[in-house]
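Remarks on the structure that follows.
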Amino acid sequence: RNRLAHAQMHDPLTGLVNRGEMRRRIQAEMDAGLGDTAVLKLGVDGLARVNVALGHAAGDHVLATIARRVVDLVGDVDQVARGTGDELIVMLPRLTDVASAGDIADALRDAVRQPVEIDGQELLPSVSIGIATSDRFEGDADHLMSTSGIAMRDAKTGGPDRTAYVDERLANAAAERLVLEAQLRLAIPRGELRPLFQPVVTIGTGVVVAPSRPRTCAHIATPIPIEPRTNTPPAMRYSGLRFTRAMTSSPALPSTGNRA
């Protein structure tokens with residue numbers, strides 16, 4: 001029975017507790033109210049490429065090695081957990097200065113950034129880290145863990161081996177994007193999505209001198225701006241939607257903005 005309970009709470013690859021057990025521990029610290037709690041979400045950079053190039057056994061070895069390095073630096077295995085996929089979770093409880101979480105994140109990145117040898121080949125791993133602290137957000141352990149994940153993904157957008165703090169802007173943007181993605185996936189079959197064009201015309205005559213290009217996208221009551229370089233709304237990139245030729249090659253539609 002003890003072995004079964006241990007298996008239910010621990011990750012077999014790293015030996016660390018799993019996400020559910022770490023959530024319980026974070027909530028217990030937050031309920032105790034003995035100081036601020038920080039959650040660091042670590043995402044291993046490029047682990048999928050290792051799996052493809054060298055095999056999943058190599059990827060597992062990299063992840064397990066990084067986990068050991070994180071535990072060694074944190075100094076308490078009870079404060080480190082295996083998240084989902086290539087993620088690790090570090091809990092820093094009872095902080096008197098939440099700024100120290102950033103110092104620990106920097107130290108973790110330095111510790112991870114040491115060679116790992118696989119079949120005589122050296123790899124240089126790195127992690128991107130997102131930080132969420134209980135002093136900045138009201139909520140429970142689930143909220144702290146999810147917002148640290150938002151910050152980690154934001155760190156990855158700037159390149160590997162970076163740290164980012166979560167803030168209201170990131171949290172709100174993630175929530176808004178999730179709602180918009182769900183709406184967009186159903187928008188086309190429901191006929192709720194149509195491009196609005198803005199052709200280039202000559203002032204005075206109104207003659208069209210350049211083909212129309214989609215400048216915004218009408219969806220329900222929410223205009224969606226088009227990214228200039230890609231002609232693709234940001235939310236469409238996440239939802240998997242793309243403009244088709246039929247949607248982008250109709251110069252006959254009227255202008256919806258100021259004339260150039």
Side-chain angles (χ1 to χ4, degrees), residues 6-30 34-51 54-134 141 144-145 148-149 151-152 155-156 159-165:
H6 184 276
Q8 290 176 335
M9 292 191 303
H10 289 77
D11 169 56
L13 174 63
T14 62
L16 301 173
V17 296
N18 57 29
R19 185 184 185 280
E21 175 60 17
M22 179 54 73
R23 181 211 166 279
R24 186 192 68 78
R25 295 180 183 184
I26 294 171
Q27 190 63 57
E29 287 293 338
M30 296 176 71
L34 299 177
D36 291 313
T37 301
V39 173
L40 278 58
K41 183 71 71 67
L42 285 66
V44 180
D45 299 318
L47 189 62
R49 293 196 299 273
V50 175
N51 289 334
L54 302 177
H56 284 273
D60 288 348
H61 177 66
V62 170
L63 182 59
T65 301
I66 290 175
R68 287 194 298 271
R69 292 174 179 177
V70 170
V71 171
D72 288 344
L73 190 138
V74 173
D76 187 347
V77 68
D78 292 335
Q79 293 178 218
V80 185
R82 169 83 185 273
T84 57
D86 61 358
E87 298 175 0
L88 300 173
I89 303 167
V90 174
M91 173 184 66
L92 303 176
R94 308 184 186 189
L95 297 176
T96 57
D97 180 9
V98 293
S100 62
D103 297 333
I104 294 174
D106 291 341
L108 285 170
R109 288 170 43 225
D110 289 341
V112 168
R113 201 188 306 114
Q114 302 299 321
V116 176
E117 184 173 324
I118 299 176
D119 296 333
Q121 181 175 351
E122 282 193 339
L123 301 179
L124 292 175
S126 66
V127 291
S128 297
I129 303 178
I131 303 175
T133 55
S134 59
L144 208 59
M145 293 173 72
S148 66
M152 184 268 290
K156 281 182 175 288
D161 197 11
R162 296 168 62 91
T163 299
Y165 285 85

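Values reported hereafter were calculated over all heavy atoms of this structure, with side chains retained and with hydrogens, waters and symmetry mates removed.
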**Message:** Closer than 3.5 angstrom, by distance alone: can the side chain of Ser134 be matched with the main-chain N or O of Thr37 as a donor-acceptor pair?
**Reply:** yes
**Prompt:** With sequence neighbours excluded, what pairs up with Glu21 under the salt bridge (charged side-chain N to carboxylate O under 4.0 Å, His left out) test?
**Reply:** Arg24, Arg25
**Message:** To check you understand the geometry: which heavy-atom pair defines the closest contact between Ala164 and Ala155, and what is its length?
**Reply:** CB-CB, 3.8 Å
**Fill in**
What one should report as the nearest heavy-atom pair of Ala111 and Leu73 is CB-CD1, 3.8 Å
**Request:** Pick out which of Leu42, Asp106, Leu40, Leu108 makes a side-chain contact (heavy atoms from CB on, under 4.5 Å) with Thr163.
**Result:** Asp106
**Donor-acceptor under 3.5 Å (Arg23 side chain, Ala141 main chain)** = no
**Fill in**
Residues at least two apart in sequence or cross-chain that pass salt bridge (charged side-chain N to carboxylate O under 4.0 Å, His left out) with Arg162, listed by chain then number, are none
**Note, His61 side chain near Leu54 side chain (heavy atom, < 4.5 Å)** = no
**Message:** Which residues pass the salt bridge (charged side-chain N to carboxylate O under 4.0 Å, His left out) test with Arg68, not counting sequence neighbours?
**Reply:** none
**Asked** What pairs meet the salt bridge (Lys or Arg N to Asp or Glu O under 4.0 Å) rule with one or both residues in residues 8-19, with sequence neighbours excluded?
**Response** Asp11-Arg82
**Qualifying residue for side-chain contact (heavy atoms from CB on, under 4.5 Å) with Val77, from Thr14, Val17, Leu16** = Leu16
**Message:** Rounded to the nearest 0.5 Å, what separates atom NZ in Lys41 from atom OG in Ser128?
**Reply:** 13.0 Å
**Fill in**
Taken to the nearest 0.5 Å, the spacing of Asp76 CG from Asp72 CG works out to 12.0 Å
**Complete:** On a heavy-atom basis, the closest approach of Pro125 and Val62 is CB-CG1, 4.3 Å
**Message:** If I take atom CD from residue Glu87 and atom CG from residue Leu63, how far apart are they, to the nearest 0.5 angstrom?
**Reply:** 10.5 Å
**Message:** Restricting to non-hydrogen atoms, name the atom on Ala81 and the atom on Met22 that form the minimum distance, rounded to 0.1 Å.
**Reply:** CB-CB, 3.5 Å
**Complete:** Hits for salt bridge (charged side-chain N to carboxylate O under 4.0 Å, His left out) against Asp45, two or more places apart or cross-chain, chain-then-number order -> Lys156
Give every donor-acceptor pair under 3.5 Å between a side-chain atom in residues 91-104 and any protein atom, sequence neighbours left out.
from	atom 1	to	atom 2	distance (Å)
Arg94	NE	Glu29	OE1	3.0
Asp97	OD1	Ala99	N	3.1
Ser100	OG	Asp97	O	2.6

**Asked** Near Asp119 CG, under 6.0 Å, is it more than 12 heavy atoms from other residues, nucleotides or ligands?
**Response** no
**Message:** I'd like to know if Asp110 pairs up with Arg113 as an ion pair, taking the criterion as any Lys NZ or Arg NE/NH1/NH2 lying under 4.0 Å from an Asp or Glu carboxylate oxygen.
**Reply:** yes
**Message:** Looking at Ile118, is its backbone amide N or carbonyl O close enough to the side chain of Glu122 to form a donor-acceptor pair, meaning the two atoms are under 3.5 Å apart?
**Reply:** no
**Prompt:** Under 3.5 Å, side chain of Asn18 to main-chain N/O of Gln8, donor-acceptor pair present?
**Reply:** yes
**Complete:** d(Gln114 CD, Ile66 CD1) to nearest 0.5 Å is 11.5 Å
**Message:** Working note: Val116 + Arg69, criterion side chain to side chain contact (heavy atoms under 4.5 Å, CB included); need CA distance, chi angles, decisive distance, verdict.
**Reply:** CA-CA 11 Å; Val116 176; Arg69 292 174 179 177; 3.7 Å; yes
**Euclidean distance, Asp36 CG relative to Thr133 OG1, rounded to 0.5 Å** = 7.0 Å
